*Asks:* 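Quick one: structure below, then a few questions.
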Amino acid sequence: MKKISFSTREKRREVLARLERFGLDLYEQLEKGIFPNITMPSRSIDNIYYSPELRQYVLGDKKIKRSASNIRHLRPFAQLVWMAFFTHELTQNQKTSTLRDVFYSAQAYDISFKDQDESDDIITDLETILGCTREDFNVFPEESSAVFGDLTIEYTIPNYEGKRLNLTSHPDGVMIGPALTSAEFIETSADKVIAIEKGGLFTRFIEERVHERFNAILVFLRGQAPRSTRYFIRRLNQELGLPVYIFTDADPWGMHIAMVIISGSANAAHIRELTTPDAKWAGVWASDIINYKLPSDKLEDIDVKRLHELMRDPRYKDELWQREINVFMRIQRKCELEAFSRYGLTHIVDKYLPQRLKDLED
Amino acid sequence: MKAISQTFQEISPADFFYRNREIAGFANPVRAIFSAIRELVENSLDATEPMGILPDIYIRLSNMSDEDENFYVLRVKDNGSGIPADYVPLAFCQFLFSSKYKLKQSRGTFGLGGTMTILYGQITTNKPVKVISSTGPPKIYEYTLMIDIQRNRPIVLDRRIYDNNDKWHGTIVEVNLEGDYPKAMPKILEYLKQTAIVNPYANITFVDPRGRLYKFERTVAKLPRQPRETLPHPHGIDVETVYRIIRITRCKTLLDFMQEHFHRVGKRTAQRFLEFAGFPEDADPKKLKPEEVVRLVQAMKNFNEFLPPDADCLSPLGEDILKAGILKELEPEFVAVTQRSPSAYSGHPFIVEVGIAYGGKIPVGEDLILYRFANKIPLVYDESGDVSWRIIKSINWRNYGLMPGMPFAVLVHICSTKIPWKTVGKEMIADRPEVSREILNGIRDVARQLGAYLSKKEKAKYEKTRLSIFAKYLPKIAEFSAKLAGKEKIPDIGELLRRARKIEED
Ligand SMILES: Nc1ncnc2c1ncn2[C@@H]1O[C@H](COP(=O)(O)OP(=O)(O)OP(=O)(O)O)[C@@H](O)[C@H]1O
Ligand SMILES: [Mg+2]
């Protein structure tokens, strides 16, 4: 059993401090009688670079300046300051809010967003300025994924503070929501993380006691994983030192679900601590379709187009990826995780999984 | 063999117009009632304005009897110069008798309009016309008249004389006629409204058969400048006119003849012209052979050194009056007017006046709105055949920040001693390059002014929104940054708001 150090409270203190500094800076500019301005890294396409060292997309040196003397900047400027204020309240009071809640909350302060996209955008601005994720200031997306396995956590949110929970206590898994994201990790017997794209297979794995048989924490990604889940996986990897294996459908979209967990997305280039560079895409590979004689479908045009894009993407330059992309192109087939059922419901757990984990561990 | 026999017959002008009444605007009961009002109103305006009298015109249309809806009594009363008693029968009951066969601008020109109205009334109701007129004290004359159509002569049925104790001068015409007022009503009201636009110095009152009162009140006490009678310009001359002049001239030489009878011909010009035309200066005009007269007229048309006709004989509205008329009837938010400098086509001087009005009572329609006027008369029929219509359709309004469907109207007024009518109906103006050029340039001028106004307005509106954006958001920025920073006091942004106002002014 590992004992884990506390990190969540410190993080919260740091986020609050950054928000306050941001406010103080504007306040001082106003006191000096000048139109306040904000400088932040540009998130435009021409300022997004792939960093091979960090193995993720990052923002370049280009900055943009928002000035309150510019008529076009005023509205987003005020929205941004409000957002900072609002999230500061949230964080301080340890309340959480969904993206949608934030959008509606603005109205009470006579700040308006024309739609949720606009408010989501301002949240992204705030992330860029503060250099942390919206989950750090207690804003979460609606969708959420789940986790199951022998990990004991301790809540830090009000009313639950100090309470502990073992993540095997619920057979459907535990939702990766704000409470879990901000919880401290206490102890675990697991030695790996298995992340799964689809719900059906996640349930099957729990039924088949994969967590026990393979000593694993199981994470249900629900397709393209939400940021809180990516952040959670990163914490499992960094704080607990657990290797991460990702299982997806064998098609370009499945590959990319794995890739975003590993190397992040261009949309999140302004955020550093979301990626898990050492995580591995464990399957289903294109070559598995051949080796395991899996039932498959023909690639659609749009799949082929996507494969061409991925082939040129710097994140995909490693051998495994290039190899699998080539196999896809050659066989022109794809298949789903469920394809293993052809050989019986437990085949994937009994045969495929042990072999693949063994291969990757070597 | 049977002899072919043909009957030859001479008809009088009255007979001619009786047979061809549609060419004078009396084709059917709808059009007839419109034309009757129009002709009498225009005669009244001609009898007032050029004499320096501010017109007061009262029009009453009533049903002749309760039984028949289609017969009306039309009574038009003015405070004009009146008609000398002896001329009343001729003026009203003889075609082609007019006081306006002169070279100066007036509404009437043919000696036809009033008489045609009376003729039409007579043939549809078989009733006489009543004319009451006075040129001032001591007497007022009242005539009851009919037209002898075949002979084009007046028949005086009755004549009465009254004392004029109230120093009244003016004319009252009361005529019975068949018509269709309900159908003609929209055009009649439109005509009166547009008449009021170009005659804002007139009081016009109309009481319709149902007793409804329409009042178009005078808003300017100033009259347009009065036209001065002028000589014909050599470029506008024809053989017949030259013969008429030769018949009455006392000049013994062509050199004198040219200077005496033609507009803008001095001694030097006359000499150069005769040399150009190949006539000796001392030739006797009365001894010119027919082919020589033709040659002289040809030469007059081809000689380029005559000075252009001047515009003394014209009576344009002037920018102030046109503007007042537009403001009065259309109540626009913006109006621009322009008077083009005088010009001439074929020796006939003309002046184009153009106005543009935006907003106010101007309706928003799908198409452009055009008001056309000739010699202060509105033209309300046959718009699409008119040169002005062609021109406004050819303009790219977007260049001026305008487009059809915006509430603006274009007004075009042409005044001339000879309006280039397309047809005898006097509703459409023909496309003469000299005239259309002036119309086009005039429209461009006012359209530019309207465009400038609209963009200025747009800018003012923008500036207002701009400041409201500062006023809305700066306080928010101050409030929330103070709260974030944990400060009690919210920074004062008054100075920044003042500076925001300046940023734009710079
Ligand atoms: N209300 C009036 N007051 C004074 N004179 C009038 C009035 N109405 C008509 N007249 C005289 O009668 C004449 C004939 O009128 P009429 O309307 O027939 O012809 P016009 O006005 O000269 O030309 P047009 O055919 O173009 O109307 C006029 O020229 C004018 O001298
Ligand atoms: Mg007349």
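Keep in mind that what you see is a predicted model, and the values were worked out from it rather than measured. Naming convention: chains lettered A, B, ... in sequence-line order (proteins, then strands); numbering from 1 in each chain.
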*Asks:* Determine whether more than 12 heavy atoms belonging to other residues, nucleotides or ligands lie under 6.0 Å from atom CZ of B:R212.
*Replies:*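 Yes, CZ of B:R212 has more than 12 neighbouring heavy atoms, counting only those of other groups under 6.0 Å.
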
*Asks:* Among A:L24, A:L74, A:L26, which has the most heavy-atom pairs under 4.5 Å with chain B?
*Replies:*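 Maximum pair count with chain B is reached by A:L74.
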
*Asks:* Between A:R75, A:R21, A:Q79, which has the largest tally of heavy atom pairs under 4.5 Å with chain B?
*Replies:*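 Winner by heavy-atom pair count: A:R75.
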
*Asks:* With a 4.5 Å cut-off on side-chain heavy atoms, are B:D492 and A:L30 touching?
*Replies:*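 When only atoms from C-beta onward are counted, B:D492 and A:L30 do not touch, as no gap falls below 4.5 Å.
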
*Asks:* Check the pair A:L19 / B:L484 against side chain to side chain contact (heavy atoms under 4.5 Å, CB included), numbers first and verdict last.
*Replies:* CA-CA 7 Å; A:L19 285 165; B:L484 258 183; 4.2 Å; yes

*Asks:* Against chain B, label A:Y109 side chain, backbone, both or neither, depending on which of its atoms sit under 4.5 Å from a heavy atom there.
*Replies:*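 Contact with chain B is through both the backbone and side chain of A:Y109.
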
*Asks:* Are any of the side-chain nitrogens in A:E20 or B:K483 under 4.0 Å away from the carboxylate oxygens of its partner?
*Replies:*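 Between B:K483 and A:E20 there is no salt bridge, as every charged N stays at least 4.0 Å from the carboxylate O atoms.
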
*Asks:* Should we say atom NZ of A:K95 is surrounded by more than 12 heavy atoms from elsewhere, each under 6.0 Å from it?
*Replies:*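 No - once you tally the heavy atoms of other residues, nucleotides and ligands closer than 6.0 Å, there are 12 at most.
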
*Asks:* Quick one: does B:K489's side chain get under 4.5 Å of A:E31's, heavy atoms only?
*Replies:*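 They are in contact (side-chain heavy atoms under 4.5 Å apart), so the answer is yes.
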
*Asks:* Considering residues, nucleotides and ligands other than B:K323, do more than 12 of their heavy atoms fall under 6.0 Å from its NZ?
*Replies:*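 Open.
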
*Asks:* Within this structure, what is the OG-CZ distance for the pair B:S481 and A:F85, rounded to the nearest 0.5 Å?
*Replies:*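 Here the interatomic distance stands at 11.0 Å.
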
*Asks:* Around atom CG of A:D115, are there more than 12 heavy atoms from other residues, nucleotides or ligands closer than 6.0 Å?
*Replies:*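 Atom CG in A:D115 is crowded, with more than 12 foreign heavy atoms closer than 6.0 Å.
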
*Asks:* Would you call B:F480 and A:Y27 a side-chain contact if the rule is heavy atoms closer than 4.5 Å?
*Replies:*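 They are not in contact (no side-chain heavy atoms under 4.5 Å apart), so the answer is no.
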
*Asks:* Is chain B contacted by the side chain of A:D110, its backbone, both, or neither, given a heavy-atom distance below 4.5 Å?
*Replies:*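 Both parts, heavy atoms under 4.5 Å.
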
*Asks:* Any non-hydrogen side-chain atom of A:W82 less than 4.5 Å from a side-chain atom of B:E479?
*Replies:*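 No. Closest side-chain heavy atoms not under 4.5 Å.
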
*Asks:* So which heavy atom on B:I477 is nearest to which on A:A78, and how close?
*Replies:*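 Scanning both residues, the minimum pair turns out to be CG1-CA, 3.7 Å.
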
*Asks:* Find out whether B:T465 and A:I71 are in side-chain contact, i.e. whether some heavy atom of one side chain is under 4.5 Å from a heavy atom of the other.
*Replies:*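 No, side chains not in contact.
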
*Asks:* Is there side-chain contact between B:K476 and A:V81, with at least one heavy-atom pair below 4.5 Å?
*Replies:*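 A side-chain contact under 4.5 Å is absent here.
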
*Asks:* Which atom pair, heavy atoms only, marks the closest approach of A:G23 to B:A485?
*Replies:*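 Minimum heavy-atom contact is C-CB, 4.0 Å.
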
